[in-house]
Amino acid sequence: MTVLDPSTETQGLPEVLIRVRPALERVLGSYDIPPEDAEDVLQDTYLTLLYKWEKVQCPEAWLIGTLRKKCIMYWRRKRKRICDAVDEALLDLITEPSRPLQENEDLCRDFERVLCRLPTRCRELLRLRYVLGLGPQEVAERMGYQPSSIRKITSRCLTVLTRELTTVGFLEPKE
């Protein structure tokens with residue numbers, strides 16, 4: 001069995017990285033990746049290329065395409081974290097048993113006021129899920145959705161709700 005020298009396998013890699021760097025920076029800029037995260041996304045792309053070097057026919061095009069996909073995944077993860085935080089916060093605020101009754105009523109009233117600003121589908125889904133406390137399966141049945149799609153629809157509605165909560169000043173946008 002022959003052991004290959006890794007330096008011969010990736011000959012030309014530094015030159016490719018230097019040549020394609022300006023294009024990669026444009027991709028990062030077009031996706032508005034924050035500078036503190038841009039280098040991490042770029043390093044992840046480089047590592048992926050290193051692992052797949054043998055199979056990649058055109059490294060420059062592959063790097064640009066892969067970086068675009070990683071930028072899209074970056075923003076999806078960010079949005080999901082925001083939606084999950086709103087999801088948990090809403091459940092905590094509305095269903096917390098230790099809160100005084102009047103405080104819960106005030107929170108529910110504020111929540112209802114923001115819900116009125118949402119599209120009908122989102123309003124109904126969020127009421128079923130968080131005001132009535134139904135599970136995803138029950139919400140899907142009541143609204144006529146496939147149970148497999150309710151998570152994605154809920155996520156979209158939470159994104160709209162997050163935007164509205166930020167607009168009315170209920171949530172402070174995090175930078």
Which residue pairs satisfy the salt bridge (charged side-chain N to carboxylate O under 4.0 Å, His left out) criterion with at least one member in [range], sequence neighbours excluded?
| range | answer |
| --- | --- |
| residues 135-150 | none |
| residues 62-71 | D44-K70 |
| residues 18-29 | R19-E60, R21-E25, R21-E39 |

From [X] [atom1] over to [Y] [atom2], what is the distance, rounded to the nearest 0.5 angstrom?
| X | Y | atom1 | atom2 | result |
| --- | --- | --- | --- | --- |
| Q57 | W62 | CD | CH2 | 13.0 Å |
| L50 | T45 | CG | OG1 | 12.5 Å |
| I33 | L28 | CD1 | CG | 6.5 Å |
| E164 | T159 | CD | OG1 | 12.5 Å |
| I153 | C157 | CD1 | SG | 7.5 Å |

Do [X] and [Y] come close enough that some side-chain heavy atom pair is under 4.5 Å?
| X | Y | result |
| --- | --- | --- |
| T154 | V139 | no |
| T66 | Y46 | no |
| L17 | L24 | no |
| L158 | L126 | yes |
| Y31 | L67 | no |

*By salt bridge (Lys or Arg N to Asp or Glu O under 4.0 Å), which residues pair with R121, not counting sequence neighbours?*
none
*State which residues pass side-chain hydrogen bond (donor to acceptor under 3.5 Å, both in side chains) with T120; sequence neighbours excluded, sorted by chain then number.*
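T120: side-chain hydrogen bond (donor to acceptor under 3.5 Å, both in side chains) contacts with R123.
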*Output all residues satisfying side-chain hydrogen bond (donor to acceptor under 3.5 Å, both in side chains) with Y145, sequence neighbours left out; order by chain, then residue number.*
none
_Donor-acceptor check, side chain of R129 to backbone of G135, threshold 3.5 angstrom: yes or no?_
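Checked: no pair found.
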_Side-chain heavy atoms under 4.5 Å apart, restricted to Ile/Leu/Val/Met/Phe/Trp/Tyr: what other residues fall into the cluster of Y51, or is it alone?_
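When side chains under 4.5 Å apart are linked, the cluster holding Y51 also contains L47.
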*Give the minimum heavy-atom separation between A140 and P147, together with the two atoms involved.*
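Heavy atoms of A140 and P147 come nearest at CB-CA, 3.8 Å.
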*Taking all non-hydrogen atoms of both residues, which atom of W75 and which atom of D32 are closest, and how far apart?*
CZ2-O, 3.0 Å
*asked:* Would you say M143 ends up clustered with L132 if hydrophobic residues are merged whenever their side chains have heavy atoms under 4.5 Å apart, either directly or through other cluster members?
replied: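 In one cluster with L132: M143, yes.
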*Verify the cluster assignment for L42 and M73: are they in a single hydrophobic cluster under the rule of side-chain heavy atoms below 4.5 Å apart?*
no
_I'd like to check the side chain to side chain contact (heavy atoms under 4.5 Å, CB included) partners of Q146; sequence neighbours left out, ordered by chain and number._
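Q146: side chain to side chain contact (heavy atoms under 4.5 Å, CB included) contacts with S148, S149.
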_Restricting to side chain to side chain contact (heavy atoms under 4.5 Å, CB included), what partner residues turn up for P119, sequence neighbours left out?_
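Side chain to side chain contact (heavy atoms under 4.5 Å, CB included) check on P119 returns C122, V160.
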